[in-house]
Amino acid sequence: MMKLDYKKIIEVKNNLDYPSELFINGKYQKSISEVYFDNTSPIDGKKINKVSFAQENDVDLAVLKAREIFNKGYWSNLPPANRKKILLKFAQLIERDRLELSLLDTIDMGKTINDTFNSDLPTSIDNIEWYAEIIDKLFDDISPSSKEYMGLITKEPIGVVAAIVPWNYPLWMAIWKIAPALITGNSVILKPAEQSPMSAIKIGSLLSEAGLPDGVFSVLPGDGPITGKSLCLHNEIDCIAFTGSGEVGKLVLQYSGQSNMKRVQLECGGKSPNIIFDDCDDLDAAAEASAYAIFGNQGEVCSAGSRLIVHKEIEDEFIKKVSKISQDMQPSDPYNPKSFAGAIVNNEQLEKINKYVNIGKKEGASIETGGNITMKETGGYYFEPTIFKNVNNNMKIAQEEIFGPVLTTLNFSTFEEAISIANDSQYGLAAGVWTKDINKAIRASREIRAGTVYINNYEEGVDSTIPLGGYKQSGIGRDNGYQALENYLQVKSTWIKIT
Ligand code: NAD
């Protein structure tokens with residue numbers, strides 16, 4: 001396995017081609033109207049390249065090609081075992097180009113090369129392989145109907161899927177949609193976030209090289225209001241698979257209603273509680289995991305453990321432990337494989353984080369550590385790991401998703417109080433529970449309204465077999481697991497009369 005070496009990283013980075021065009025019908029091309037947007041790196045605030053910006057006519061073209069190929073059946077009717085071979089080849093090609101793809105994501109959104117290379121890329125490859133491997137092992141059903149009929153219950157691809165994804169794990173979040181959508185026989189149009197288009201553009205050619213027929217997969221870099229909205233309103237798109245903010249998720253639902261009632265799958269934001277009971281028997285492990293849960297990936301994580309809810313008896317001791325660990329989680333050079341954290345995606349997001357820190361202070365919370373923009377001399381956008389104490393759950397910093405390295409800490413006395421604080425949120429993506437009492441752990445898991453509950457761990461691993469998704473305003477549907485296939489399939493009932 002390739003080991004990361006700083007010199008090698010810089011050498012590859014200095015010789016990188018920066019992907020910049022739309023990918024439609026198996027070819028890279030400029031947008032029809034030759035519109036562009038500037039792509040900037042948050043590592044140093046400098047322009048990386050000029051990227052073709054997909055407009056409504058580009059969306060029409062990609063959808064036309066996607067629909068044509070879907071109807072011809074070159075991919076949708078291919079035996080699953082053949083589709084599997086192409087996706088397994090795609091996974092191999094990603095492994096071949098792993099360092100290049102890792103660097104594209106690091107340059108685009110500022111996260112560390114250690115994160116992209118050792119986490120995002122291997123988990124993306126695993127996800128593709130897992131979906132490739134299961135598709136020829138799934139069977140359809142025959143109903144237990146009367147002897148006069150045979151009822152076949154089969155699943156068919158939904159048609160043309162548009163995947164609209166965010167910037168926090170550019171390639172990985174795209175793969176979570178693309179792998180299950182392609183393996184089930186759909187045509188897929190990927191719209192990456194405008195902040196991080198390059199790895200998405202690059203995989204267009206990798207899928208072609210793997211043998212995917214032209215037109216099945218397109219990539220349309222562009223923004224939300226033009227490119228994303230055109231996709232959502234398009235009458236020839238059958239499903240939008242969306243990951244992003246709740247605000248935009250609600251718009252996607254509206255666009256579906258205004259157009260063709262296309263299916264909508266949403267993975268949205270969170271404000272996830274992480275509860276530390278006073279009988280937790282390894283406070284050091286809990287503190288380490290709690291720090292990682294909010295400061296990993298610069299806190300730009302949908303399921304970040306951003307509300308730490310600690311029993312009053314151990315509150316001071318525990319917060320001190322987390323604060324001490326956070327000192328080793330300061331941002332530094334994202335290209336250095338030893339760095340823990342990198343840059344915040346752009347100046348707008350940096351300002352948003354800073355604004356919330358100021359709101360928190362005004363609301364009466366106190367800063368235990370951090371609270372400042374840092375590394376200004378780089379020209380990039382960096383923020384210190386920050387911990388707020390004396391937070392009450394009605395404050396904005398406890399209710400709204402900050403999407404940065406800012407931890408709010410709250411306290412409780414009883415089990416009921418802890419659960420009530422945990423559930424007092426519009427979100428329900430994830431939660432953590434730390435206790436040595438198995439009964440308390442299971443009761444908490446049952447009572448917390450969230451799609452995922454971590455017991456005595458917090459997001460220590462990601463596993464393609466385990467679905468991820470939200471209760472409440474954290475989303476609709478699931479990524480990962482068998483459950484994600486349901487987003488991209490529809491059920492056909494066939495009645496056969498037996499005479
Ligand atoms: P965002 O909602 O601003 O953008 C997400 C995508 O939607 C981008 O591609 C953007 O261009 C597009 N978009 C924006 N406006 C649009 C419109 N009007 N019509 C159609 N598309 C539009 O989110 P973001 O800032 O890129 O990402 C951060 C958010 O993503 C956070 O809320 C985070 O919690 C969430 N997220 C959720 C998960 C999950 O699995 N639940 C995973 C990662 C990120």
Side-chain angles (χ1 to χ4, degrees), residues 37 42 51 53-54 56 59 108-109 111 120 123 127 162-177 189-197 200 219-234 237 240-256 258-259 262 264-272 294 296-306 344-346 348-350 352-353 400-404 425-430 450-452 459 462 466-481 483-484 487:
F37 65 91
V51 176
F53 184 161
E56 207 177 323
V59 169
D108 250 352
M109 69 73 70
K111 69 199 296 172
D120 297 15
T123 44
N127 200 263
I164 300 181
V165 297
W167 45 261
N168 60 336
Y169 297 93
L171 183 66
W172 192 10
M173 292 300 100
I175 294 296
W176 276 9
K177 311 288 190 199
I189 299 171
L190 170 64
K191 193 207 86 63
E194 52 275 37
Q195 297 86 348
S196 56
V219 185
L220 298 180
D223 71 354
I226 295 174
T227 319
K229 185 174 173 185
S230 306
L231 286 164
C232 294
L233 286 171
H234 207 293
I237 289 183
I240 298 285
F242 172 84
T243 300
S245 61
E247 200 186 339
V248 177
K250 286 180 184 178
L251 286 177
V252 176
L253 286 170
Q254 284 181 28
Y255 299 147
S256 168
Q258 286 161 17
S259 53
K262 55 180 67 65
V264 173
Q265 183 249 341
L266 301 175
E267 291 293 340
C268 298
K271 192 77 188 177
S272 299
I294 183 66
N297 207 48
Q298 305 75 237
E300 295 163 320
V301 182
C302 53
S303 48
S306 51
I344 301 298
V345 69
N346 57 20
E348 195 186 335
Q349 184 65 17
L350 186 77
K352 180 179 159 198
I353 296 166
E400 296 180 14
E401 187 185 41
I402 299 173
F403 221 54
S425 167
Q426 63 173 308
Y427 296 112
L429 192 55
T452 298
E459 264 193 341
V462 179
I466 303 178
L468 184 140
Y471 280 27
K472 301 194 266 184
Q473 293 189 40
S474 288
I476 301 172
R478 293 290 179 273
D479 281 332
N480 290 335
Q483 289 75 5
N487 303 327

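Counting starts at 1 for both ligands and their atoms, following the listed order.
Within a 4.0 Å radius of atom 19 (N) of ligand 1, the protein contributes at least one heavy atom.
By the side-chain contact (heavy atoms from CB on, under 4.5 Å) test, C302 pairs with L429, sequence neighbours left out. Residues passing the ring pair (Phe, Tyr, Trp, His ring centres under 6.0 Å) test with Y169, sequence neighbours excluded: W172.
Side-chain contact between K177 and D479: present, with at least one pair of heavy atoms (C-beta onward) separated by less than 4.5 Å. In this structure, the side chains of S230 and L220 stay at 4.5 Å or more apart for every pair of heavy atoms. Inter-residue side-chain proximity for N168 and F403 is flagged as met; some heavy-atom pair is nearer than 4.5 Å. In this structure, V264 and I476 have side chains that are not in contact, with every pair of non-hydrogen atoms separated by 4.5 Å or more. Using a 4.5 Å heavy-atom threshold, the side chains of F242 and V248 count as touching. Between N480 and I466, the closest side-chain pair of non-hydrogen atoms is not below 4.5 Å. Between K111 and E300, the closest side-chain pair of non-hydrogen atoms is not below 4.5 Å. Residues I402 and K271 have side chains in contact (heavy-atom distance under 4.5 Å, counting atoms from C-beta outward).
Residue contacts with ligand 1: Y255 is placed with a nitrogen or oxygen under 3.5 Å of a nitrogen or oxygen of the ligand (distance criterion only). Residue D479 places no N or O, backbone or side chain, under 3.5 Å from any N or O of ligand 1. The distance criterion of under 3.5 Å between nitrogen or oxygen atoms is not met by D223 with respect to ligand 1. The shortest N or O to N or O distance between P166 and ligand 1 is not below 3.5 Å. By the 3.5 Å distance cut-off applied to N or O atoms, N168 is not counted among the residues near ligand 1. Taking any N or O of K191, backbone or side chain, at least one lies under 3.5 Å from an N or O belonging to ligand 1. In terms of polar-atom proximity, defined here as any N/O pair under 3.5 Å, V165 does make such a contact with ligand 1.
Of all protein heavy atoms, the one closest to atom 32 (O) of ligand 1 is E401 OE1, 2.6 Å. With respect to atom 39 (C) of ligand 1, the closest heavy atom belonging to the protein is C302 SG, 3.2 Å. With respect to atom 13 (N) of ligand 1, the closest heavy atom belonging to the protein is G224 CA, 3.3 Å. The protein heavy-atom contact nearest to atom 2 (O) of ligand 1 is S245 OG, 2.6 Å. The nearest protein atom to atom 24 (P) of ligand 1, hydrogens excluded, is given as W167 NE1, 3.4 Å; this is a heavy-atom distance. In terms of protein heavy atoms, atom 12 (C) of ligand 1 is closest to I164 CG2, 3.7 Å. At the top of the distance list for atom 4 (O) of ligand 1, counting protein heavy atoms only, stands G244 CA, 4.6 Å. Summary of contacts: the protein heavy atom closest to atom 28 (C) of ligand 1 is F403 CE2, 3.5 Å.
For V252, no heavy-atom contact with ligand 1 is shorter than 4.0 Å. Residue L251 touches ligand 1 through its side chain alone, judged by heavy-atom distances below 4.0 Å. If you look at E194 next to ligand 1, the close heavy atoms, those under 4.0 Å, all belong to the side chain. With a 4.0 Å cut-off on non-hydrogen atoms, E300 does not touch ligand 1 at all. At a heavy-atom cutoff of 4.0 Å, ligand 1 is contacted by no atom of Y169, backbone or side chain. Residue contacts with ligand 1, taken as heavy atom pairs separated by less than 4.0 Å, involve C268 solely via the backbone atoms N, CA, C and O.
Between the side chain of K191 and the backbone N or O of A162 there is no donor-acceptor pair closer than 3.5 Å.
In terms of heavy atoms, K262 sits closest to I240 at CD-CG1, 3.4 Å. The two residues C268 and S245 make their nearest non-hydrogen contact at SG-O, 3.9 Å.
Which parts of ligand 1 touch M173 is read off a 4.0 Å heavy-atom cut-off, strictly below it: atoms 42 (C), 43 (C). Listed by atom number, the atoms of ligand 1 under 4.0 Å from T243 heavy atoms are 5 (C), 36 (N), 37 (C), 38 (C), 39 (C), 42 (C), 43 (C), 44 (C). Set against the non-hydrogen atoms of K229, the atoms of ligand 1 under 4.0 Å away are 19 (N), 20 (C). For ligand 1 and G269, the ligand atoms under 4.0 Å from any heavy atom of the residue are 32 (O), 34 (O). For ligand 1, the atoms lying closer than 4.0 Å to a non-hydrogen atom of L468 are 40 (O).
With values rounded to the nearest 0.5 angstrom, I353 atom CD1 is found 4.0 Å from I344 atom CD1. Atom CZ of residue R478 and atom OG1 of residue T452 lie 7.0 Å apart, to the nearest 0.5 angstrom.
Partner Y427 forms a side-chain contact (heavy atoms from CB on, under 4.5 Å) with one of E400, K472, E401 and no other, that one being E401.
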